[in-house]
Number of protein chains: 2
Amino acid sequence: MNFLMTRIFAEAGVSEEGLEKIASIIRTRSLEQGEYLFRQGDTAPNLYLIRNGLAKMSYITSDGKEFVKSFLPEGSFAGSLIAQMENCETTFSIVCLEPVEVEIVPFRAVQKLFERDPAALDFGFRFFQALALKKEKREYSFLCLAPEERYQWFLKENPTLADRVTKADIARYLGITPVALSRIRRRMKEPVNSMT
Amino acid sequence: MNFLMTRIFAEAGVSEEGLEKIASIIRTRSLEQGEYLFRQGDTAPNLYLIRNGLAKMSYITSDGKEFVKSFLPEGSFAGSLIAQMENCETTFSIVCLEPVEVEIVPFRAVQKLFERDPAALDFGFRFFQALALKKEKREYSFLCLAPEERYQWFLKENPTLADRVTKADIARYLGITPVALSRIRRRMKEPVNSMT
DNA sequence: CATGGTGATTAACCCAAGTTAATTCCATCC
DNA sequence: GGATGGAATTAACTTGGGTTAATCACCATG
């Protein structure tokens with residue numbers, strides 16, 4: 001079986017034995033659109049790698065509102081940091097927006113790989129460094145940008161995603177309601193009206 | 001000289017030679033309240049460790065508005081991820097809210113330590129993992145919480161900070177104006193008015 | 001005691017997002 | 001072709017933050 005995860009680890013310089021060990025543990029799953037990889041509150045101590053398709057991570061608040069934490073196109077690693085580090089239930093769900101093929105490995109196995117293989121640890125280091133930078137940029141967009149600017153930023157950063165997901169999911173990703181996003185889009189279409 | 005940074009690295013299991021190497025490079029600075037460690041747009045390819053005092057990282061937008069990215073009490077590591085990873089200018093400033101003593105090391109020196117000492121790399125791995133988790137929680141607060149809830153969350157997570165910084169800086173940390181925070185505080189004080 | 005100066009609050013007004021509900025648009029399916 | 005259902009938009013109204021400016025409280029300083 002040709003796993004995407006082992007290919008990525010191999011490119012990172014992980015040793016043959018490390019690769020074989022991981023390859024022997026990887027499970028794969030195929031999911032339909034609408035199916036859940038896991039649900040908020042589940043224990044999901046796994047690292048996921050999306051091979052194909054598109055999914056979203058989202059929070060559901062106590063009063064039933066949904067907010068999209070992140071979109072997961074093919075090639076995305078996913079998993080619950082909290083579940084991994086603090087050993088508790090996941091605080092969000094992952095649901096498929098398109099049919100998905102995913103590779104699944106328990107966190108424990110990855111951790112062991114990190115402990116034994118310096119190249120793997122270096123990969124993990126760079127992975128989390130990049131993740132922190134990504135989250136920092138999203139923090140910036142929430143902290144400093146108005147909803148309309150945030151939408152334009154999203155379009156610029158995710159040109160391909162924009163037409164694979166619904167407007168409603170984009171709104172929930174931006175932290176606003178679908179109605180508000182629709183109004184923003186109308187404002188953006190309107191002629192600038194510099195004079196009449 | 002007894003550095004805080006070498007103490008932390010020593011606890012992480014970094015080798016003697018690594019510690020000595022770093023100790024030989026550390027510079028220290030003392031800053032008054034109001035002084036800048038660096039300004040938005042500077043090149044600041046350094047890792048900072050706040051020994052004493054309190055500082056804040058903040059973005060200034062093109063129209064002059066300030067937003068507080070993070071508060072830095074004693075023991076905080078700080079630096080610009082973007083400056084480090086993408087080798088460009090900093091996108092925010094660090095200014096002291098109290099007199100500050102800080103230890104300064106070039107990123108290059110830390111990177112070399114990571115390359116040569118597995119214990120150091122492991123420390124870096126865990127550092128960025130924890131940073132990513134922290135940013136994820138802040139992302140959650142912006143995405144899912146209303147300003148008032150965000151303020152209550154801040155008070156709960158930072159009980160000691162709340163009375164070391166001004167209300168205006170708390171507001172700018174929450175992404176709202178000082179006026180809005182003042183209104184929120186009044187609402188929170190108001191009797192619940194369950195009956196008249 | 002008067003004088004600044006700063007931080008915090010308040011007031012008044014405007015505007016954008018939330019809410020609820022209706023409507024339009026399209027793709028699909030029988 | 002008509003019915004169904006989801007996505008997107010629109011409308012009408014409410015609510016809460018932004019803006020500007022005034023006021024208040026407190027403290028340091030002359």
Side-chain angles (χ1 to χ4, degrees), chain A residues 32-35 54 56 58-68 71 95-99 141-155 161-191 193, chain B residues 32-35 54 56 58-68 71 95-99 141-155 161-191 193:
Chain A
E32 297 303 311
Q33 175 175 355
E35 267 194 280
L54 178 64
K56 66 175 172 181
S58 50
Y59 298 105
I60 309 285
T61 63
S62 52
D63 51 343
K65 277 179 243 161
E66 180 192 349
F67 296 94
V68 175
F71 294 109
V95 61
C96 300
L97 301 177
E98 300 172 3
S141 78
F142 280 123
L143 184 60
C144 303
L145 301 183
E148 176 163 344
E149 298 170 300
R150 213 148 62 229
Y151 177 55
Q152 286 168 330
W153 166 298
F154 170 80
L155 290 180
L161 262 187
D163 40 333
R164 284 174 79 185
V165 302
T166 65
K167 303 278 181 288
D169 272 336
I170 295 179
R172 286 185 278 260
Y173 176 80
L174 298 174
I176 61 179
T177 61
V179 177
L181 178 58
S182 183
R183 284 190 290 233
I184 286 172
R185 286 166 50 77
R186 181 177 34 168
R187 281 203 300 264
M188 285 170 56
K189 266 185 296 200
E190 265 169 19
N193 235 347
Chain B
E32 297 303 311
Q33 175 175 354
E35 266 193 282
L54 178 64
K56 66 175 171 182
S58 49
Y59 298 105
I60 309 285
T61 63
S62 53
D63 51 342
K65 276 179 243 161
E66 180 192 349
F67 296 95
V68 175
F71 294 109
V95 60
C96 300
L97 302 176
E98 299 172 3
S141 79
F142 280 122
L143 185 60
C144 304
L145 301 183
E148 176 163 345
E149 298 169 301
R150 213 148 62 229
Y151 176 55
Q152 286 167 331
W153 166 299
F154 170 81
L155 291 180
L161 263 188
D163 40 333
R164 281 173 81 182
V165 303
T166 65
K167 303 276 181 292
D169 272 335
I170 294 178
R172 286 185 279 259
Y173 177 80
L174 299 175
I176 60 179
T177 61
V179 177
L181 178 57
S182 184
R183 284 190 288 232
I184 287 172
R185 288 166 50 79
R186 182 175 33 162
R187 281 204 300 264
M188 286 170 57
K189 265 186 298 200
E190 265 169 19
N193 236 346

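Naming convention: chains lettered A, B, ... in sequence-line order (proteins, then strands); numbering from 1 in each chain.
Listed pair B:Thr177 / D:dG18 meets the phosphate criterion, a side-chain N or O lying under 4.0 Å from OP1 or OP2. OP1 or OP2 of D:dA11 lies within a sub-4.0 Å distance of a side-chain N or O belonging to A:Arg186. At least one side-chain nitrogen or oxygen of B:Lys65 sits closer than 4.0 Å to the OP1 or OP2 atom of D:dT19.
To the nearest 0.5 angstrom, B:Leu155 atom CG is 10.5 Å from B:Leu161 atom CG. Between the CD1 atom of B:Ile184 and the CD atom of B:Glu149 there is a distance of 10.0 Å, given to the nearest 0.5 Å. Considering OG1 of A:Thr166 and OH of A:Tyr173, their distance stands at 14.0 Å, rounded to 0.5 Å. One finds the CD atom of B:Glu148 at 5.0 Å from the CZ atom of B:Arg187 (value rounded to the nearest 0.5 Å).
Between the CG atom of A:Asp169 and the P atom of D:dA8 there is a distance of 9 Å, rounded to whole Å. With rounding to whole Å, B:Met188 atom CE is found 11 Å from C:dT9 atom P. Rounded to an integer number of Å, the gap from NZ of A:Lys189 to C1' of D:dT9 is 9 Å. Remark: P of D:dG18 and CG of B:Leu181 are 10 Å apart, rounded to the nearest angstrom. As a whole-Å value, the separation of A:Phe67 CZ from C:dG18 C1' is 11 Å. Separating the CG atom of A:Leu145 from the P atom of C:dA17 is a distance of 13 Å, rounded to the nearest angstrom. A:Glu148 has its CD atom 8 Å from the P atom of C:dA17, to the nearest Å. Regarding B:Ile170, its CD1 atom lies at a distance of 10 Å from the P atom of C:dT9, rounded to whole Å.
Closest to the side chain of B:Ile184, from the set D:dG17, D:dG18, D:dT9, is D:dG17.
The residue B:Ser182 sits close to a base: some heavy atom pair falls under 4.0 Å. Across all strands, A:Ala168 comes closer than 4.0 Å only to sugar-phosphate atoms, never to a base (heavy-atom distances).
Side-chain atoms of A:Arg150 come within 3.5 Å of backbone atoms of A:Leu174 as a donor-acceptor pair (strictly under, hydrogens ignored).
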Please enumerate all protein N or O atoms sitting under 3.5 Å from an N or O of nucleotides 12-16 of chain C, with distances to 0.1 Å.
from: C:dA12; atom 1: N6; to: B:Arg183; atom 2: NH1; distance (Å): 3.2

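Below 30°, between 30° and 60°, or above 60°: for B:Phe142 and A:Phe142 the angle between ring planes is below 30°, a parallel geometry.
Considering B:Thr177, B:Val68, B:Leu181, B:Val165 as possible partners of B:Arg172, the one that fulfils the side-chain contact (heavy atoms from CB on, under 4.5 Å) test is B:Val68.
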